[in-house]
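First comes the structure, then the notes that go with it.
Remember, predicted model here, so these are calculated numbers, not experimental data. Just so we're on the same page: letters track the sequence lines, and every chain starts at 1.
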Amino acid sequence: MSAEPTSPAPVPNDFIRDIVAADVAAQRHAKIVTRFPPEPNGYLHIGHAKSICLNFGIAREQGGMCNLRFDDTNPAKEEIEYVDSITADVRWLIAGWADHCLGFKPKGAHPGKVTSNGQPDYYLAPVDPSGLSAEPFYASDYFDQLYEYALELIRRGQAYVCDLNAEDTEKYRGAPDKPGQDSPFRHRSVAENLDLFQRMKAGEFPDGARSLRSKIDMTSPNMWLRDPLLYRIRHIPHYHAGDKWCIYPLYDYAHCLSDYLEGVSHSLCSLEFVPHRALYDWVLENLGLPRPLPHQYEFAKLVPTYTLLSKRNILRLVQEKVVAGWDDPRLPTISGLRRRGIPASAIRKFVTSVGVTTFNSVTDIAVFEHAVREELNQSAARRLAVLRPVRLVLTNIPAGEIVACSATNNPQEENPTTRPLALTREVFIEADDFAEVPPPKYFRLKPGGEVRLKYACIIKCDELVKDAADTITEIRCTAQLDTRHGQPNADKKVKGTIHWVSATQCIDAVVRLYDRLFTVPEPGAAEDFLQVVNPKSLEVVTAKLESSLGIAQPGERYQFERLGYFALDPKDSAPGQPVFNRTITLRDTWAK
RNA sequence: UGCCUGGUGGUGUAAUGGCAGCACAGGCGACUUUGACUCGCCUAGUCAUGGUUCGAAUCCAUGCCGGGCAGCCA
């Protein structure tokens, strides 16, 4: 290894970063501020990770901030449980990478009244997220300001209270290829609109009886400009705002203003919001706001093969008990991936490698798997474990004798350390590593054949012991102890090297072998995705592990040599009863 | 038969009028006390047709194909 310093990770380049760079060069904003705005109505998944890495990535590259903001304007769907899981997932995903860019606000703070360019204004700046007195941003903390802005829109003649019910509103809206018609309530006076809207807020009307609408253009070819609703009446309490409100703003109205209140410069979202951009700009521009306005830019969602991403579909998998919960290691949720042992760095590497474009793409899950293996190969400590044990007796080693061996912990390290390993008369080897009738080019153990026990010595297969059912119960071999490391015949070559575990110096563990949840690349395209669930997505075995694994801790990653990467399950493991999850197999060109 | 948006190897992505490159996947080989890692080589692409230009993936036109848009969801 050369002594030159490791080159810094290449800064990704994409069309959004180009725009940000141009805005920085033109000094259009005092500071670059992005935001990650989940609705707390479900768990985060790998698709969100793309947005998180883009938003936080831009913030850290530009010395800016990325606010975590809960887009919680629909009290019917949101819960505090999701706030907690999302916050934890975001923190985990950016830990050690962009912690310093995480924008939180002072606990309980609401946008303060300030003066910008000589005009009254509202602003809420991010603070250090590490203190106890900091919390994520909530759109629901802006309900007061949003209400004030709505009154202003009414005063400006740009919004009106509409008495049409949902069904009639839809009829008046027309269709994509058919212009809509003006609501009969479109021309109410400012005074009447003000009065009605205040009474909506006061709770005088039942759910759905009236709404506040923007006054734009019912004949616009863009459906989202046909007087979209700004507020609806919902007599239900809000998990964060309490029972103060019975009118709640809609996304298009609340989002752009939330961005503005926080001083967001670049508001990044997915492609389905392209038609909404005109509305985003309309609200901001028609309010005559004094500070530089945020702008919305859209990019394509991440769609990996062999996975299902929508909250609705994941929820169904949970409810139908196809998986054990939102954090089931087979799920693409952040909490599932974490539990499976995937490092956050691998997720970041993956989403960065797929790029950011406006092309509706499908990403081969193999790209993800490659990123995971690359990270784990670098960092995971190697250990020996046998998943499907077969007893092997080394007839020339006396019972009770221990042949001391030494194993490398991680060959990828510059100065690899070692650990002691005990070779004994009886060991376990992998059932797959012995074949009584070997296929062509089989490198492993066969009758009369030789193979190396990794970190120990070469052995020769002398005889097989079978039971009445003709099943092999024991393989009897001779150990060539002079082929151990440091011994005269250490350099002797054999074609195969297999892993093993001493039968007396080992521990038992439950090992869960996970595989893809679906059998087809695009389960979402199937008539019913439950029909294409992989029946072998989980296999549970009782394995034999080298005894040093007895002190494994959650969060540590191991490579079980020749098998794959494994991590202790943080939920189901108990003292003395470890449960390991297989994060991913090693690449296996022989199996193909 | 409306509007918006997109189309580069199998997949993803770069080239911003000037040598079509990279990654993943696939194939072959070298190395190997992990059939891993690493290394080398190979396969394979600009949706189509015209036009502008010394020169087009890039600009223009037409066509073809895909995605999105009619929640008081986000």
Side-chain angles (χ1 to χ4, degrees), chain A residues 13-15 18 37-39 41 71-74 76-78 162 164-167 169-171 173-180 207-213 220-224 226 228-234 248 250-252 254-255 269-278 298 300 305 311 353-371 373-374 377-378 382 384 407-408 411-412 441-444 451-458 483-485 490-499 521 559-564 585-592:
Chain A
N13 202 292
D14 53 65
F15 80 100
D18 288 347
E39 183 186 17
N41 69 345
D71 212 350
D72 52 359
T73 56
N74 184 357
K77 297 166 96 177
E78 296 146 7
C162 181
L164 253 24
N165 61 27
E167 194 185 329
T169 303
E170 194 183 323
K171 279 185 193 142
R173 188 154 37 225
D177 57 350
K178 227 173 50 205
D207 287 3
R210 294 185 214 263
S211 63
L212 183 73
R213 290 233 251 165
S220 171
N222 182 346
M223 296 296 291
W224 288 102
R226 320 248 263 226
L229 275 71
L230 269 21
Y231 273 87
R232 77 281 228 190
I233 300 173
R234 287 286 178 277
Y248 291 95
L250 278 111
Y251 167 85
D252 289 290
H255 201 92
C269 62
S270 49
L271 253 23
E272 71 258 37
F273 290 99
V274 169
H276 296 243
R277 187 173 61 231
E298 312 85 12
T305 54
K311 288 173 184 171
S353 75
V354 302
V356 181
T357 67
T358 56
F359 177 61
N360 252 306
S361 57
V362 176
T363 300
D364 192 337
I365 195 67
V367 179
F368 173 68
E369 296 172 342
H370 178 258
R373 290 190 178 110
E374 206 167 49
N377 178 47
Q378 244 4 270
R382 316 286 127 125
L384 296 185
T408 303
Q412 301 294 320
K441 290 197 186 161
Y442 188 78
F443 295 171
R444 290 108 95 163
V451 80
R452 178 178 286 277
L453 294 183
K454 184 146 195 192
Y455 302 126
C457 62
I458 293 171
T483 61
R484 283 179 293 157
H485 179 71
D491 290 340
K492 178 174 175 182
K493 304 288 179 200
V494 282
K495 201 69 181 157
T497 298
I498 64 174
H499 57 278
Q559 183 197 104
F560 291 177
E561 295 215 35
R562 302 210 308 131
L563 295 171
T585 62
L586 249 33
R587 194 160 165 263
D588 186 356
T589 46
W590 162 252
K592 286 171 186 170

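For B/G71, the base adopts the syn conformation, since its glycosidic angle falls within 90 degrees of zero.
In this structure, A/Tyr251 does not pack face-to-face on the six-membered ring of B/A74, missing the 5.5 Å centre cutoff or the 30° plane limit. By the 5.5 angstrom centroid cut-off and the 30-degree plane limit, A/Phe359 is classified as not stacked against the base of B/G7.
Look at the C1' atom in both B/A57 and B/C19: the space between them is 14 Å, to the nearest Å. A distance of about 11 Å separates the C1' atoms of B/G9 and B/A20, rounded to the whole Å. For the P atoms, the distance from B/U58 to B/C47 is 8 Å, rounded to whole Å. Separating the C1' atom of B/U11 from that of B/A25 is a span of 7 Å, rounded to the nearest Å. Taking atom C1' in both B/G68 and B/G26, the straight-line distance is 34 Å, to the nearest Å. Here the separation of B/U49 from B/G10, taken at their C1' atoms, is 26 Å to the nearest Å. Distance check on atom C1': B/G45 versus B/G51 gives 24 Å, rounded to whole Å. Rounded to the nearest Å, the gap between the P atom of B/U33 and that of B/C41 is 24 Å.
In this structure, A/Arg382 reaches the bases: a heavy-atom distance under 4.0 Å links it to at least one base atom across the strands shown. Nucleic acid contact class of A/Lys495 (heavy atoms, under 4.0 Å, all strands): none. Heavy atoms of A/Leu164 sit under 4.0 angstrom from at least one base atom. Base engagement by A/Tyr442 is indicated by at least one non-hydrogen atom pair under 4.0 Å involving a base atom. Residue contacts for A/Thr73: at a heavy-atom cut-off of 4.0 Å it reaches the sugar-phosphate backbone alone, with no base atom in range. Using a 4.0 Å heavy-atom cutoff across all strands shown, A/Arg484 reaches at least one base atom of the nucleic acid. Within 4.0 Å (heavy atoms only), A/Pro37 reaches no atom of the nucleic acid at all. At the heavy-atom level, A/Arg234 lies under 4.0 Å from base atoms of the strands shown. A/Phe273 comes within contact range of at least one nucleobase, with a heavy-atom separation under 4.0 Å. Within the nucleic acid shown, A/Val494 has no heavy atom closer than 4.0 Å to any nucleic acid atom. Counting any heavy atom pair closer than 4.0 Å across all strands shown, A/Ser361 reaches sugar-phosphate atoms only and no base atom. Residue contacts for A/Asn41: at a heavy-atom cut-off of 4.0 Å it reaches no nucleic acid atom on any strand shown. Counting any heavy atom pair closer than 4.0 Å across all strands shown, A/Glu170 reaches sugar-phosphate atoms only and no base atom. Heavy atoms of A/Leu271 sit nowhere under 4.0 angstrom from any nucleic acid atom.
For the pair A/Leu230 CG and B/G71 C1', the interatomic distance rounds to 15 Å; values are reported in whole Å. The distance from atom CZ of A/Arg277 to atom P of B/U5 is 8 Å, rounded to the nearest whole Å. Look at CG on A/Asp588: it is 11 Å from P on B/G26, rounded to the nearest Å. Regarding A/Trp590, its CH2 atom lies at a distance of 13 Å from the P atom of B/C28, rounded to whole Å. If you measure from atom CG of A/Asn222 to atom C1' of B/C4, you get 8 Å, rounded to the nearest angstrom. Rounded to whole Å, the distance from CZ on A/Phe15 to P on B/A14 is 10 Å. Rounded to a whole Å, the CD atom of A/Glu374 is 14 Å from the C1' atom of B/A36. Put simply, CZ on A/Phe560 is 17 Å from P on B/G35, counting in whole angstrom units.
For A/His499, no side-chain nitrogen or oxygen approaches OP1 or OP2 of B/U34 to under 4.0 Å. Between A/Thr497 and B/G35, a side-chain N or O to OP1/OP2 separation shorter than 4.0 Å is absent. Between B/G12 and A/Ser353, no contact under 4.0 Å exists linking OP1 or OP2 to a side-chain N or O. Remark: A/Arg232 is not in phosphate contact with B/G71, judged by side-chain N or O atoms under 4.0 Å from OP1 or OP2. Here A/Lys178 does not reach the OP1 or OP2 of B/G2: none of its side-chain N or O atoms lies under 4.0 Å away. The phosphate of B/G35 has OP1 or OP2 within less than 4.0 Å of a side-chain N or O from A/Arg562. At the phosphate of B/C37, OP1 or OP2 sits under 4.0 Å from a side-chain N or O atom of A/Arg587. Under 4.0 angstrom from either OP1 or OP2 of B/G71 there lies at least one side-chain N or O belonging to A/Arg173. Under 4.0 angstrom from either OP1 or OP2 of B/G6 there lies no side-chain N or O belonging to A/Thr357.
Put simply, the side chain of A/Lys171 does not reach to within 4.5 Å of the side chain of A/Leu164, judged on heavy atoms. Contact of the A/Asn41 side chain with the A/Asn74 side chain is not registered, since no non-hydrogen atoms from C-beta on lie closer than 4.5 Å. Taking 4.5 Å as the limit, every side-chain heavy atom of A/Arg226 sits out of range of all side-chain heavy atoms of A/Arg213.
In this structure, the separation between OG1 on A/Thr483 and CZ on A/Arg452 is 5.0 Å, given to the nearest 0.5 Å. The CG atom of A/Asp71 sits 5.5 Å away from atom NE2 of A/His255, with the distance rounded to the nearest 0.5 Å. With values rounded to the nearest 0.5 angstrom, A/His276 atom NE2 is found 10.0 Å from A/Glu298 atom CD.
Comparing A/His485 and A/Asp18 along RNA chain B, the residue whose closest nucleotide (by nearest heavy atom) sits nearer the 5' end is A/Asp18. For the pair A/Leu453 and A/Glu39, nearest-nucleotide mapping onto RNA chain B gives the more 5' position to A/Leu453.
The aromatic rings of A/Tyr251 and A/Phe273 sit tilted relative to each other, their planes meeting at an angle between 30° and 60°.
Side-chain N or O atoms of A/Asp14 include none that pairs as donor or acceptor with a backbone N or O of A/Gly355 at under 3.5 Å. A donor-acceptor pair is defined here as one N or O able to donate and one able to accept, closer than 3.5 Å; no such pair exists between the side chain of A/Arg562 and the backbone of A/Leu384.
Side-chain atoms of A/Gln559 and base atoms of B/U34 include a donor and an acceptor less than 3.5 Å apart.
In this structure, B/U32 forms no base pair with any nucleotide, since neither Watson-Crick nor G-U wobble geometry is met with both distances under 3.5 Å.
Distances from the side chain of A/Ala366 to the nucleotides B/C24, B/C3, B/A36 place B/C24 closest.
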